[in-house]
A.B. asks: 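I'd like to ask you about the structure that follows.
Per chain, numbering begins at 1; letters A, B, ... match sequence-line order.
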Protein chains: 2
Amino acid sequence: MVASAVHSDPFPAEQTAIVDLTAVAVAVTQNEPRVLMVPGGQGGAAASLDALPSGPLEHRHRTLETGLRSWVEARTGARLGYVEQLYTFGDRGRMRDTVAGNARVLSIGYLALVQEAGAPAAGGAAWCDWYRYFPWEDWRDGRPALLDWLERQLRRWAAAGPARVDRAARKERVIVAFGLDGLPWNEERVLERYELLYEVGLVAEAAGAGTSALGQPMGADHRRILATAIARLRGKIKYRPVVFELMPAGFTLLQLQRAVEALAGLRLHKQNFRRLVEQQGLVEETGRIVTATGGRPAREVRFREEVVLERLAPGLRLPIARAAD
Amino acid sequence: MVASAVHSDPFPAEQTAIVDLTAVAVAVTQNEPRVLMVPGGQGGAAASLDALPSGPLEHRHRTLETGLRSWVEARTGARLGYVEQLYTFGDRGRMRDTVAGNARVLSIGYLALVQEAGAPAAGGAAWCDWYRYFPWEDWRDGRPALLDWLERQLRRWAAAGPARVDRAARKERVIVAFGLDGLPWNEERVLERYELLYEVGLVAEAAGAGTSALGQPMGADHRRILATAIARLRGKIKYRPVVFELMPAGFTLLQLQRAVEALAGLRLHKQNFRRLVEQQGLVEETGRIVTATGGRPAREVRFREEVVLERLAPGLRLPIARAAD
DNA sequence: ATCTATTATGCTATAATTGAGCATAAGTGA
DNA sequence: TCACTTATGCTCAATTATAGCATAATAGAT
């Protein structure tokens, strides 16, 4: 039916690649967003850097996802809940500091949501606050102070573009990504910001990085993968009820709010947050009352499981607060 | 800094895979959404099926995206505009009908937006209306008639589940995916619907497919990849100004609306559509007047290029119309 | 016992956004 | 001139968001 004039070449020079599966396992504990990390960056040159858990795709696994699950679970003792494929990273040269050398290495990145409580890290893995790697992403206590310094650096870089057009384009990218000159901070632009910092040489992973690099570096391009995961998750919680994967069975609305805030790196308006959650029928009361809140006791609620299959609810929109809550 | 108790294994039993890049190149011409297809399904057993253009990842390409671009452009003569990675497909056994045999084949799927006008298909490729493969997805002229028959099949399948719980779960999936029992049709659930039909055996690609399979089949799992692309694009046009990649330099608001409708498979409310587009400052007048509209002449507009870098505008929300426009 | 701090929770006023449609303008072809 | 088609301006009501106010119910300090 498609005109078959020139027929397809027989599959030309097939190229093989090493494929590994990399997990960004996220949990929220004590109101902090945490990622599962393994030490020692896969035995490469820079062996002391943190790295994401990852392992080769094995032939016995029927699907990529089962491969990821079994590898990460065996390696770290974490039991993965919700799992979603993020992105496949395969630029040549992205493994500068590892053994892979000249071969093409593909990493398929996955986001996995875990309840840390049920998943004590094993095998040398550890749960680390993700803002350690992205300190500029946490606005829960207001604009992070280091953004003042950062802004100066970025503006200097923008002003140093070779031609007029470059300078204009650089400036636009900077002010949009970091919400300068009155533009709003958009919590989802995590990757855009990281790539800008990389390009400017303000993170240690970059080739010409200066001495005052920002945030804890990670092995290979794992910080880029983590940025991708954070961006995706920050977007997703707004339209799919995925936060619940990170919560214990019963929780209070404030705990839920704190979890969302931890992920988004923002403070939310409390009354409106509760209204949204309740209006959408995402939770139901367990009947229990939690008194350990420090104030008036709170009703304990649980996620309405029906929602997932039943109506695939719209998730959580974020009523962003100007000031505090 | 991560507790370094057990140190990482040296990269264990590396596994290689054949990697190919598959493009879903989309254009909108004469108000129809079209995909670039090549004939002959890569020379496999079922050699007569349509297939998406795809080719091996070659080592000379620094990035995956350049690999994809150069391959597809060389093969089909299309010049790709916006390109975005969709998903990596890698389940074993997904290439039932091709040569790959037992080897692991990874396909990295990409969505590419093209202006068909500037890209006449070459090398045996052809632009095909995508609703040929998904006739149930086009609601522009109201609910497609074949959904009546389809609904009966789906309900029968749901009622035939082994246990009570399965039947309930199946029914839920069916009514949510296809908007039955008063639930709204959600144009983004393209993949969910396709996978359901696959599971039920209502598409020819499925193992136990009956004789009355729906829509034109495609080689390998390309129809699944196409479904993924449609779903992604339908979602994306709502929050990023990507439709403009498919439009010529100058166009009328109705042409734009028709393009969006073609992609979404829905009719939109005309006045509200214009209000959204203009309010958001996505377009500007060229000053020209188009008289070939069949009615009152329309102002010609063009996309405001500044928007892309400048403010990364929120895109287009879809004011869905109940009836016609 | 009362006061203070803290959190929970109900409710309201106002502003934006959306959905649906009316009305009129300006062309084409019979 | 009439019938038809598309373009475009505008309105009105319904819905949803934003920002607070006010009150309730605890714990711990005085």
A.B. asks: I need the B:L268 CG to B:R140 CZ distance, nearest 0.5 Å.
C.D. replies: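 Those atoms lie 11.0 Å apart.
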A.B. asks: What are the two closest non-hydrogen atoms of B:R34 and B:W127, and how far apart are they?
C.D. replies: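 Heavy atoms of B:R34 and B:W127 come nearest at NH1-O, 3.4 Å.
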A.B. asks: Pick the nucleotide of DNA chain D nearest each of B:T252 and B:R275; which residue has the one closer to the 5' end?
C.D. replies: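 Its nucleotide being nearer the 5' end, the pick is B:T252.
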A.B. asks: Return the set of residues passing ring-ring contact (aromatic ring centres under 6.0 Å, His included) with B:Y87 (not counting sequence neighbours), or none when no residue passes.
C.D. replies: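 ring-ring contact (aromatic ring centres under 6.0 Å, His included) check on B:Y87 returns B:F89.
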A.B. asks: Taking NE2 from B:H269 and C1' from D:dT6, how many angstroms apart are they, rounded to a whole number?
C.D. replies: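 Value for this atom pair: 15 Å.
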A.B. asks: Could you tell me the separation between the CG atom of A:N31 and the P atom of C:dT7, rounded to a whole number of Å?
C.D. replies: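 Answer to the nearest Å: 11 Å.
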A.B. asks: When rounded to the nearest 0.5 angstrom, what is the spacing between CG in A:L256 and CG in A:L253?
C.D. replies: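 Taking CG in A:L256 and CG in A:L253, the distance rounds to 6.5 Å.
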A.B. asks: Mind calculating the distance between CD (A:E300) and P (C:dT7) to the nearest angstrom?
C.D. replies: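 Rounded to whole Å, this separation is 19 Å.
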A.B. asks: Report the distance from atom CZ of B:R258 to atom P of D:dT6, rounded to the nearest whole Å.
C.D. replies: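 For the pair B:R258 CZ and D:dT6 P, the rounded distance is 8 Å.
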A.B. asks: Reckon B:K270 has a side-chain N or O less than 4.0 Å from the OP1 or OP2 of D:dT6?
C.D. replies: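 So the side chain of B:K270 is outside the cut-off, no N or O lying under 4.0 Å from OP1 or OP2 of D:dT6.
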A.B. asks: Can you confirm whether the side chains of A:Y133 and A:Q216 place a donor and an acceptor under 3.5 Å from each other?
C.D. replies: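 Side-chain D/A pair, A:Y133 to A:Q216: absent.
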A.B. asks: Would you list the protein and nucleotides 27-30 of chain C atom pairs, both N or O, that sit under 3.5 Å from each other?
C.D. replies:
none

A.B. asks: Looking at C:dT9, C:dA20, D:dA19, which one has an atom nearest to any side-chain atom of A:N272?
C.D. replies: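 Of C:dT9, C:dA20, D:dA19, D:dA19 is nearest to the side chain of A:N272.
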A.B. asks: With respect to the side chain of A:Q271, which nucleotide from C:dT7, C:dT9, D:dT8 is positioned closest?
C.D. replies: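 It is C:dT9.
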A.B. asks: As a test of reading the structure: which of C:dA8, C:dG10, C:dG21 is closest to the side chain of A:R274, going by heavy atoms?
C.D. replies: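 Output: C:dA8.
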A.B. asks: Give a yes-or-no answer on whether the side chains of A:E84 and A:Y82 include a donor-acceptor pair shorter than 3.5 Å.
C.D. replies: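 Yes, side-chain donor-acceptor contact under 3.5 Å.
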A.B. asks: Write down the distance between CD (B:Q279) and C1' (C:dA16), rounded to a whole number of angstrom.
C.D. replies: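 These atoms are roughly 10 Å apart.
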A.B. asks: Tell me the interatomic distance from B:L256, atom CG, to D:dT8, atom P, rounded to whole angstroms.
C.D. replies: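 The answer, rounded to whole Å, is 13 Å.
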A.B. asks: Mind calculating the distance between CG (B:L268) and C1' (C:dG21) to the nearest angstrom?
C.D. replies: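 Value for this atom pair: 16 Å.
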A.B. asks: In whole angstrom, give the distance that lies between atom CD1 of B:I289 and atom P of D:dT8.
C.D. replies: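 Value for this atom pair: 7 Å.
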A.B. asks: Does the salt bridge (Lys or Arg N to Asp or Glu O under 4.0 Å) test come out yes or no for B:E192 and B:R173, once each step is laid out?
C.D. replies: CA-CA 9 Å; B:E192 208 174 320; B:R173 287 176 61 200; over 6 Å; no
